[in-house]
Amino acid sequence: MTTLTRGGNAPIEARAFEVTVDDAKGVDLLAFQVNTSRKVRNDDDFVFFNQPSSPEGAVRLSSTQSLSIDLRLVPADVDAIVVAIASDSALSARVGLTVKSSNIVSPATGLTTETAAVLIEIYRRGGDWKVRNVSAGWDAGFADLVREHGVDVDDTETPTVRSVAGEEKLSLVKREKLDLRKKHVHKVLLTKDAVGLRARIILVIDKTGSMSRQYSTRVVHRVVERMVPVATQLDDDGELEPYLYGSWYAQLPVITVADTDSWADTYLHLYGHHGGIDYASIGGTNDELPIMDQILSTVASRQPTLVLFFTDGGFTKRGPIASFMRTASSAPIFWQFIGVGKANYGVLEKLDTMEGRLIDNAGFFALDDIDKVSDAELYERILSEFPDWVRAARAAKIID
């Protein structure tokens, strides 16, 4: 086992290996693919919590504390892979990093008040690869770290990105994460000529037995976190109105920016009693019509409403659901269905060709693994049809 002191380097024999941060509770692991100027070629070279893989797959977040690196896949114009961490609080010398497959240990030393730091750099030397213990940080944290490596997080470039009440209560890391996601949403709205659009945002999540893996692995928790930035940019209050559904449904308290994590821990369950909700009463099998009827009955006249409907399938009542969608096409609602996991989505796959509607009032796409989809792609897909529906609904006098 080779131990590197600060500034020390060693050759890497392995071409595919894991990089793991030990003793790093509450720390976010990040990586940058950089050129000879030590800058990313573009933002896709930044690997972090909501962009967990580089485009070609050479660098991938395999857990909250580890990266999978395959040097055979690194593009020729990438000179180095910079491995870094960011935290809500000051770092200390107890944080260490181990490149397990290369039998190298690189302790982070000399870090005290910094809240972000580069731990190691894996770099080319001739035709070989080496690793260097860098252990250099920034007191200002995450934003300065990513700017140093050429990633654009400059607020002045997107002045109309909207902030809502509660953001000031978030930690530094959570604010930066939220800001990056809001900018992705804003870019989609800008591209769709929909900046300034306001709509009621409703979140519906499948709570049936087939979703057990999505709950146990906290996929649904991450879904909620990633939908909050959509509400910040579109909803008047910046809040999500959530429902869980099975054969029946439960309307849950609104999700705000400040309480996203605590809300998810309280309400995202399949069984039991939580937050005053009897989860058995929601049921464990699919029947979409009760929740869809409920939402239709609550829409305000002429107010645009976007329903973000996450499900792993079911929708067996094809005829009644198709009839519902035809009737609902004159209501001020756009239904964006998102499939999670590999499943048979039935009538959802035919929404784009469904006839007999006043206007097209729904979209659908499926994601085998939503965690592998970057925020930029996710928000593009979620919001790709909604602005067009708004224009069509206005032309049809459905909304103001």
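Values below: all heavy atoms of this structure, side chains included; hydrogens, waters and symmetry mates excluded.
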Under 3.5 Å: donor-acceptor pair, side chain of [X], backbone of [Y]:
| X | Y | result |
| --- | --- | --- |
| Asn361 | Ile333 | no |
| Gln251 | Gln294 | no |
| Arg175 | Leu170 | yes |
| Tyr379 | Arg226 | yes |
| Glu225 | Val223 | no |
| Glu167 | Val164 | yes |
| Asp360 | Ala362 | yes |
| Arg326 | Met354 | no |
| Thr115 | Asp139 | yes |
| Lys207 | Leu270 | yes |

Pair Tyr245-Phe309, ring-ring contact (aromatic ring centres under 6.0 Å, His included): steps then yes or no: CA-CA 10 Å; Tyr245 90 94; Phe309 202 116; 5.2 Å; yes

Compare all side-chain heavy atoms of [X] with those of [Y] and state whether any distance is below 4.5 angstrom.
| X | Y | value |
| --- | --- | --- |
| Val83 | Val21 | no |
| Met211 | Val340 | yes |
| Asn35 | Asp77 | no |
| Ile338 | Leu367 | yes |
| Tyr271 | Ile282 | no |
| Met227 | Leu378 | yes |
| Ile291 | Ile295 | yes |
| Ser163 | Lys182 | yes |

Test of ring centre spacing under 6.0 Å for Trp129 and Phe17: no

Arg132 NZ/CZ over Tyr123 ring centroid, <6.0 Å and within 45° of normal: yes

[X] side chain to [Y] side chain, donor-acceptor N/O pair below 3.5 angstrom:
| X | Y | result |
| --- | --- | --- |
| Ser262 | Asp259 | no |
| Asp287 | Ser247 | no |
| Ser62 | Ser66 | yes |

Passing option when Ile122 is tested against Val59, Ile69, Leu67 for side-chain contact (heavy atoms from CB on, under 4.5 Å): Ile69

Given Val105, Val131, Thr109, Asn9, the one that forms side-chain contact (heavy atoms from CB on, under 4.5 Å) with Leu4: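 That would be Val131; it is the only one of Val105, Val131, Thr109, Asn9 passing the side-chain contact (heavy atoms from CB on, under 4.5 Å) with Leu4.
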
Single hit among Glu239, Glu241, Gln303 for side-chain hydrogen bond (donor to acceptor under 3.5 Å, both in side chains) with Arg200: Glu241

So, taking the atom named [atom1] in [X] and the one named [atom2] in [Y], what distance separates them when rounded to the nearest 0.5 Å?
| X | Y | atom1 | atom2 | answer |
| --- | --- | --- | --- | --- |
| Thr3 | Asn133 | OG1 | CG | 10.0 Å |
| Arg181 | Ser374 | CZ | OG | 11.0 Å |
| Ile255 | Leu203 | CD1 | CG | 5.5 Å |
| His186 | Thr191 | NE2 | OG1 | 9.0 Å |
| Leu119 | Leu30 | CG | CG | 9.5 Å |
| Leu197 | Gln233 | CG | CD | 11.5 Å |

Ring-plane angle category for [X] and [Y], please: parallel below 30°, perpendicular beyond 60°, tilted otherwise.
| X | Y | value |
| --- | --- | --- |
| Tyr243 | Tyr249 | perpendicular |
| Phe386 | Phe334 | tilted |
| Phe32 | His149 | parallel |

Lys/Arg-Asp/Glu bridge criterion (N-O < 4.0 Å) met for Arg162, Asp235: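 So Arg162 does not pair with Asp235 through a salt bridge.
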
Residues Arg125, Asp128: salt bridge by 4.0 Å N-O rule: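 Salt bridge: no.
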
Nearest heavy-atom neighbours spanning [X] and [Y]:
| X | Y | result |
| --- | --- | --- |
| Ala331 | Trp389 | O-CZ2, 4.0 Å |
| Gln33 | Ser54 | NE2-CB, 3.7 Å |
| Thr266 | Gly275 | CG2-CA, 4.1 Å |
| Ala14 | Leu71 | O-CD1, 3.9 Å |
| Thr285 | Thr208 | C-CG2, 3.4 Å |
| Ser329 | Ile398 | O-CD1, 3.5 Å |

Side chain to side chain contact (heavy atoms under 4.5 Å, CB included) evaluation trace for Leu306 with Gln336: CA-CA 7 Å; Leu306 172 61; Gln336 180 60 64; 4.2 Å; yes

Tell me whether the count of non-hydrogen atoms from other residues, nucleotides or ligands lying under 6.0 Å of [atom1] in [X] goes above 12.
| X | atom1 | result |
| --- | --- | --- |
| Lys192 | NZ | yes |
| Lys39 | NZ | yes |
| Asp193 | CG | no |
| Arg198 | CZ | yes |

Trace of the side chain to side chain contact (heavy atoms under 4.5 Å, CB included) decision for Leu244 with Tyr267: CA-CA 9 Å; Leu244 295 182; Tyr267 294 107; 5.5 Å; no

Steps toward salt bridge (Lys or Arg N to Asp or Glu O under 4.0 Å) verdict (Asp265, Arg218): CA-CA 10 Å; Asp265 289 338; Arg218 298 179 71 85; 3.0 Å; yes

Full working for side chain to side chain contact (heavy atoms under 4.5 Å, CB included) between Phe310 and Gln214: CA-CA 11 Å; Phe310 286 84; Gln214 311 295 341; over 6 Å; no

Evaluation steps, side chain to side chain contact (heavy atoms under 4.5 Å, CB included), between Leu61 and Val47: CA-CA 7 Å; Leu61 272 175; Val47 175; 4.2 Å; yes

Of Arg41, Arg38, Lys130, the residue whose pairing with Asp79 passes salt bridge (Lys or Arg N to Asp or Glu O under 4.0 Å):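 The salt bridge (Lys or Arg N to Asp or Glu O under 4.0 Å) with Asp79 is passed solely by Arg38 among Arg41, Arg38, Lys130.
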
ILVMFWY cluster, Tyr215 and Tyr279 together (side-chain gap under 4.5 Å): yes

